[in-house]
Asks: 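Have a look at the structure that comes next, please.
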Amino acid sequence: MAFKPADKIQDLQYFGEFGGVNPSISDSSTYTFLSAKTMFDTFEGNADGCYLYSRHTSPSNLYLGQALAAMEGTETANVAASGMGAITPALLQLCKAGDHIVASRTIYGGTYAFLKNFAPRLNIETSFVDITKLDQVEAAITENTKVLYCETVSNPLLEVADIEGLSKIAKKHNLQLLVDNTFSPLSLSPAKLGADVVLHSLTKFINGSSDTMGGVTCGTQEFIDSLRNVNDGANMLLGPAMDSFRAASILKNLRTLHIRIKQHSENALYLAEKFEADGLKTVYPGLKSHSGHELFTKMMNKEYGYGGMLTVDAGSIDKANELMELMQERNLGYLAVSLGFYKTLFSAPGSSTSSEIPEDEQKEMGLSDGLIRFSIGLDNDIERTYTMMRECMVKVGILK
Ligand SMILES: Cc1ncc(COP(=O)(O)O)c(C=O)c1O
C-alpha cells in the first residue's frame with residue numbers, strides 16, 4: 001500500500017497542559033524527580049517518560065521528533081539545533097578513527113567540507129563518488145567502510161539517488177545508508193525505500209518560514225537512543241540541542257507542509273517547463289529531460305510533485321549576478337542562500353553554498369559558474385511570475 005506521510009502527521013493528536021490544541025511548550029532546561037531512585041534510573045537510561053535535562057530531550061522536542069518520525073516512517077527521531085547539528089553527530093556516532101565513508105560528490109557544501117576537511121582530523125576518510133553510478137559506489141567500498149551517505153535529491157545539481165539500489169549495496173556490505181532528504185520532504189520517503197537513517201535540515205521546507213535553524217535524525221529507537229546516550233552519544237555530548245520554543249514553532253509549521261510542498265512543486269514545474277521551452281538549460285527532476293526523472297517518478301509519493309528546486313544556467317557568473325540582482329529589484333524573490341521560503345530564493349551555488357568545493361571539482365561534477373539555484377516560492381499567480389522573470393531574462397540578454 002502507498003505510504004501517506006501527510007496522513008501520518010495529520011493523525012497525531014496532542015493536547016496542551018490545559019487542554020490547548022497545541023501541546024504546551026516545556027520552558028525548562030532541567031526537570032524534577034519525585035524520587036532519587038528515578039533520577040538514578042533515568043541516568044542509566046531506564047526510566048521511560050522521565051525527562052532529565054533539555055540537552056538530552058525535552059517534551060517539546062519529543063513531540064516534534066515524533067511527528068517527523070511519523071512523516072518519514074521511522075521508529076523515532078531526534079531533533080537538533082541545525083541540519084549540520086543532526087548530520088555531523090550521526091556520522092560521528094557511526095564512525096570511529098580508521099573508518100571510511102563513501103559519499104556522493106554532489107552534496108551540500110557544509111557536509112562536503114565536514115567530510116573532506118574535518119573528519120580526516122579524526123582519521124575518518126571519505127571517498128566521493130558519482131552516486132548515480134551504483135558500480136562506482138560499490139567499487140569505492142573498502143573493508144573499513146561503515147557508512148554510505150547521499151542526498152535523495154542533491155544540492156545543488158538535483159541528481160536523484162537510487163535509494164533502493166544503494167540500500168541493497170549497503171545491506172550486502174553491512175553498511176549504514178544515511179540519506180539527507182532536505183530537498184524532497186513528503187515527495188520522497190527514503191526509509192521506506194531502504195535507508196537506515198534519514199536526515200533533514202528543518203531550516204528549509206519543513207519549517208518553511210526562514211526564521212529558524214533546525215535539524216532531525218530519523219532512525220531506529222536503538223540508533224536514536226545511542227545518539228542521546230549520556231556516556232557516548234554524539235548528540236548528547238557535542239550538544240547541538242534545539243530550543244523547546246523553536247521545536248514548538250516548527251511543529252506548527254509542519255502542519256501545513258503538505259499544502260506548501262504541493263504549491264512549491266506546481267510552481268516549480270510550471271517555470272521549469274517554460275524556461276526549458278524558451279531554450280534555457282534548465283534542470284528540474286519533473287522534466288522528462290532530467291536524467292533522474294524516471295527514477296524520481298518510480299520512488300515518489302505522487303501527490304506532492306517533484307519539489308520546489310530547479311536550476312537554470314545563465315551562461316556566466318556575471319550574467320547570473322546581473323539577473324539575480326534585477327529579479328530582486330523587481331520583487332520576484334530574494335538573492336539569498338537557503339530554500340523553502342514562501343518567496344522565491346535564488347543564489348549562484350558555485351560562489352556560495354558550494355564554494356567549499358574546489359573549482360576544478362565543481363567543473364568535473366558539472367557545476368558551472370553561471371548556474372542559478374532557485375527555490376521556487378508559493379506565488380499564487382505563477383504565470384505572472386513567469387512573465388516578469390522572462391522580462392528580466394530578456395533585459396540582461398539571456399533570452400531574446
Ligand atoms: C541539503 C542540505 N543538507 C543540510 C544542510 C545544512 O543544514 P543547516 O543549514 O540547517 O545546518 C543544508 C543547508 O543548506 C542543505 O541544503
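We count ligands from 1, going down the list as the structure has it; atoms in each ligand are counted the same way. Residues take their numbers from the sequence shown, with the count starting at 1.
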Asks: Counting only N and O atoms by type, is there a donor-acceptor contact under 3.5 Å from the side chain of H100 to the main-chain atoms of T126?
Replies: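 No; zero donor-acceptor contacts below 3.5 Å.
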Asks: Name the option, out of E151, K204, H200, that contains the heavy atom nearest to atom 12 (C) of ligand 1.
Replies: K204
Asks: Using a 4.0 Å cut-off to any heavy atom of G214, which atoms of ligand 1 qualify?
Replies: 10 (O)
Asks: Going by the order shown, which atoms of ligand 1 are within less than 4.0 Å of some heavy atom of I87?
Replies: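 That gives atoms 4 (C) of ligand 1.
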Asks: Which bit of L202 is near ligand 1, meaning a heavy atom under 4.0 Å away: side chain, backbone, both or neither?
Replies: neither
Asks: Could you tell me the residue and atom name of the protein heavy atom closest to atom 16 (O) of ligand 1, and the distance to it rounded to 0.1 Å?
Replies: N155 ND2, 3.0 Å
Asks: Is there a polar contact between ligand 1 and T203, counting only N or O atoms under 3.5 Å apart?
Replies: yes
Asks: My understanding is that we take every heavy atom of each candidate and find the minimum distance to atom 9 (O) of ligand 1. Doing that for M309, M213, M84, which one comes out nearest?
Replies: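 Checking each option, the heavy atom nearest atom 9 (O) of ligand 1 is found in M213.
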Asks: Using a plain distance cutoff, I'd like to know if S201 has any nitrogen or oxygen under 3.5 Å from a nitrogen or oxygen of ligand 1.
Replies: yes
Asks: Hey, are R246 and N207 close enough side-chain-wise for a donor-acceptor pair under 3.5 Å?
Replies: no
Asks: Where the closest heavy atom to atom 4 (C) of ligand 1 is concerned, which of D180, L199, T212 has it?
Replies: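 Nearest option to atom 4 (C) of ligand 1, by heavy atoms: D180.
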Asks: For atom 6 (C) of ligand 1, grab the closest protein heavy atom and report residue, atom and distance to one decimal in Å.
Replies: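 The protein heavy atom lying closest is Y108 CE2, 3.5 Å.
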Asks: Run the salt-bridge test on K363 and D360 with the 4.0 Å N-O cut-off and return the result as yes or no.
Replies: no
Asks: For F205, which residues count as a ring-ring contact (aromatic ring centres under 6.0 Å, His included) partner, sequence neighbours excluded?
Replies: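 By the ring-ring contact (aromatic ring centres under 6.0 Å, His included) rule, F205 matches H264.
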Asks: Please confirm whether the backbone N or O of Y31 pairs with a side-chain atom of S28, one donor and one acceptor, at under 3.5 Å?
Replies: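 Not a single qualifying donor-acceptor pair exists.
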Asks: Looking only at the side chains, is there a donor atom on one of Y112 and T106 sitting less than 3.5 Å from an acceptor on the other?
Replies: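 Side chains of Y112 and T106: no pair found under 3.5 Å.
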Asks: Parallel, tilted or perpendicular for Y386 and Y270, by the 30°/60° rule?
Replies: perpendicular
Asks: Judged by atom type as modelled, is there a donor-acceptor pair below 3.5 Å linking the side chain of S154 to the main-chain atoms of I107?
Replies: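 It does not hold such a pair.
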Asks: Considering only the protein, which heavy-atom contact is closest to atom 8 (P) of ligand 1, and what is its distance?
Replies: G83 N, 3.4 Å
